[in-house]
> 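Here it is, the structure, as structure tokens.
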Amino acid sequence: MSSQVSTSRGLPSPSKLGTFESPHTWQMSGPTGQAEAGSSDDQDIRLLSVSWNQDFGCFAAGTSNGFRIFNCDPFKETFRRDLKSGGFGIVEMLFRCNILALVGGGSNAHYPPNKVMIWDDHRSHCIGEFAFRSDVRAVKLGKDYIVIVLERKIYVYNFTDLKLLHQIETQSNPKGLCCLSHHSNTSVLACPGVHQGHVRVEHFGLKVTRMISAHDSHISCMALTMDGLLLATASMKGTLIRIFNTMDGTRLQEVRRGLDKADIYSIALSPNVQWLAVSSDKGTVHIFSLRVRVAGEDASNEQRSLEGPRMDHQNSSSSIDPLIQTNTGSNASSSLSFMKGILPKYFSSEWSFSQFHLPEVTRYIVAFGAQNTVMMVGLDGRCSFDQVNGGQMLQKEYFRFIKADLTPLRTLAP
């Protein structure tokens, strides 16, 4: 598999870029097409994709007529491009700056699905282009890297000059599974390995590659913490979610979503590494309490840099309390969990701490917001959860951001 890269000039540093601040509709100029006169009719628009930015403060919606950028808290549309010339199947943000990665999508794609366009909306033109022999499955942007995922290969480019840095072989990866850390001191990438159920973890800064045997069946979803030190994975079965230390591949915790097979849509880890959220085609968002932490949280930065990152974890329920805050609860478990090792594994499983039920008709993704809230995009809004007692989450907000589709932001709380 080969690729072609073209650029008009070197890309600017992410720290020097502008931001999407105020809501407005922009005209696209030159070869990118022409904007609709006035605002478009949402009844004619189909949602093709939704994706969070790196800090989950915004999300991008690719539509059959262009794309839109939304702020999550407070919720508002901050930017849009409505086009006559086609849609976008992938719209990847770089935090809140004016650089976007765009891939055409839908029946009338604006760009071919085998091309990635790096678009500078401040200058209103394309500053980089990547062309491949097969369709692009996903794009991830970081402060140092542009990561492009094909079905069986991942290309990693330097952000500033678009030079190819790494080529990574994977198993068949039609979902475009790939995670990239977004921390100033770590550069971590996770993707499917070449063997079924394996995850490959690249620590670019340390020049270390780690292979993790995560599941027996194919990987269906994964997520990294912001610093890349924890990895959460689910398999095609969708019953168990496992959390690993990416430094040594140790399994730290395993939680159970349910008994029936499910298609896991998304996994999210909270910024404080206390909670894990999972959405699936079963229509329930599950929140789990994590009992893992980075060792030496109170140590100085100098000590951390000398010792390197490491993880603490406990496997017995009696060891949970020291590892989570005293004002948080723990996951549900069977009353027979004390017979672990004697009864089947099911009886020792950790079940979700809090839940929210949605119709099983729409694909949606989740992320954590402020003050114990969970955001759900693709269906309807924001909910909050009780970090002590758990139980059913309470819906706090609901926004229908594209009127023609059931595609709002929902915020929850239990």
Side-chain angles (χ1 to χ4, degrees), residues 19-28 32-33 35-36 38-111 113 116-119 121 136-141 175-176 265-266 268 279 358-359 361-367 369 374-382 397-411:
T19 59
F20 294 111
E21 292 293 346
S22 57
H24 47 270
T25 302
W26 294 81
Q27 298 256 336
M28 287 189 109
T32 54
E36 296 269 8
S39 63
S40 62
D41 184 356
D42 277 2
Q43 298 303 320
D44 298 328
I45 291 178
R46 191 162 57 90
L47 184 71
L48 300 181
S49 68
V50 288
S51 60
W52 302 106
N53 76 333
Q54 288 78 1
D55 62 11
F56 307 106
C58 299
F59 68 92
T63 74
S64 55
N65 286 38
F67 63 86
R68 304 178 187 187
I69 306 296
F70 297 88
N71 188 71
C72 293
D73 190 14
F75 179 80
K76 64 178 179 178
E77 180 181 306
T78 60
F79 181 85
R80 73 158 64 184
R81 281 194 181 280
D82 293 324
L83 309 172
K84 292 180 179 179
S85 51
F88 296 94
I90 296 174
V91 181
E92 184 73 10
M93 300 179 67
L94 179 61
F95 292 94
R96 293 173 181 264
C97 78
N98 50 285
I99 298 293
L100 298 166
L102 303 174
V103 179
S107 57
N108 181 31
H110 188 72
Y111 298 123
V116 178
M117 315 300 287
I118 306 299
W119 175 260
D121 220 280
V136 174
R137 301 297 183 178
V139 181
K140 302 296 179 182
L141 297 181
K175 289 186 173 183
Y265 290 154
S266 70
S279 65
L358 295 165
V361 295
T362 304
R363 188 181 189 93
Y364 48 92
I365 58 175
V366 296
V374 180
M375 300 176 291
M376 306 170 190
V377 174
L379 192 98
D380 312 301
R382 182 191 303 263
E397 295 175 299
Y398 170 96
F399 303 99
R400 192 164 182 175
F401 61 86
I402 295 180
K403 297 177 182 177
D405 287 289
L406 292 176
T407 52
L409 170 72
R410 184 184 294 253
T411 310

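Residues take their numbers from the sequence shown, with the count starting at 1.
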> Do side-chain atoms of Ser64 reach the backbone of Arg46 as a donor and acceptor pair under 3.5 angstrom?
yes
> Grab the two heavy atoms, one from Asn71 and one from Cys58, that are nearest each other, plus how far apart they are.
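So the two residues come closest at OD1-SG, 4.0 Å.
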> Can you see which heavy atom on Ala101 is nearest to which on Ile118, and at what distance?
CB-CD1, 4.0 Å
> Output the distance between atom CZ (Arg80) and atom CD1 (Ile69), rounded to the nearest 0.5 Å.
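That separation rounds to 11.5 Å.
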> How long is the span from the CE atom in Met117 to the CD1 atom in Ile90, to the nearest 0.5 Å?
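Atom-to-atom, Met117:CE and Ile90:CD1 are 13.5 Å apart.
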> Are the side chain of Gln54 and the backbone of Arg96 linked by a donor-acceptor contact shorter than 3.5 Å?
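No, the answer is negative, given that no donor and acceptor are paired below the 3.5 Å cut-off.
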> Give a yes or no on whether the backbone of Met93 and the side-chain of Asn53 come within a donor-acceptor separation of less than 3.5 Å.
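It does not hold such a pair.
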> Identify the two heavy atoms, one from Cys72 and one from Trp52, that lie closest to each other, and give their separation to 0.1 Å.
SG-CZ3, 3.6 Å
> Holding to ring pair (Phe, Tyr, Trp, His ring centres under 6.0 Å), I want the full list of residues that pass it with Phe70, two or more places apart in sequence or in another chain.
Phe59, Phe75, Phe401
> Show the nearest heavy-atom pair for residues Ser279 and Ser266, with the distance to one decimal.
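So the minimum-distance heavy-atom pair works out to OG-OG, 2.8 Å.
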> So among Asn65, Leu83, Thr63, Leu100, which one has a side-chain contact (heavy atoms from CB on, under 4.5 Å) with Phe88?
Leu83
> Shortest non-hydrogen contact from Ala367 to Ala268?
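The pair with the smallest heavy-atom distance is CA-CB, 3.9 Å.
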> With no hydrogens and no angle check, is any side-chain donor or acceptor of Ser51 less than 3.5 Å from a backbone partner on Glu92?
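No, because the side chain of Ser51 does not come within donor-acceptor range (under 3.5 Å) of the backbone of Glu92.
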> With heavy-atom distances below 4.5 Å as the criterion, would you say the side chains of Ile45 and Arg68 are in contact?
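The answer is yes, as the side chains (C-beta and beyond) meet within the 4.5 Å cut-off.
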> Within the side chain of Trp119, is there an N or O that forms a donor-acceptor pair under 3.5 Å with the backbone of Asn98?
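No, the answer is negative, given that no donor and acceptor are paired below the 3.5 Å cut-off.
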> When you look at Met375 and Asp73, which way does the side-chain contact (heavy atoms from CB on, under 4.5 Å) test go after all the steps?
CA-CA 10 Å; Met375 300 176 291; Asp73 190 14; 5.9 Å; no
> Which atom names give the shortest non-hydrogen contact between Tyr265 and Tyr364, and what distance separates them?
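That closest heavy-atom pairing would be CB-O, 3.4 Å.
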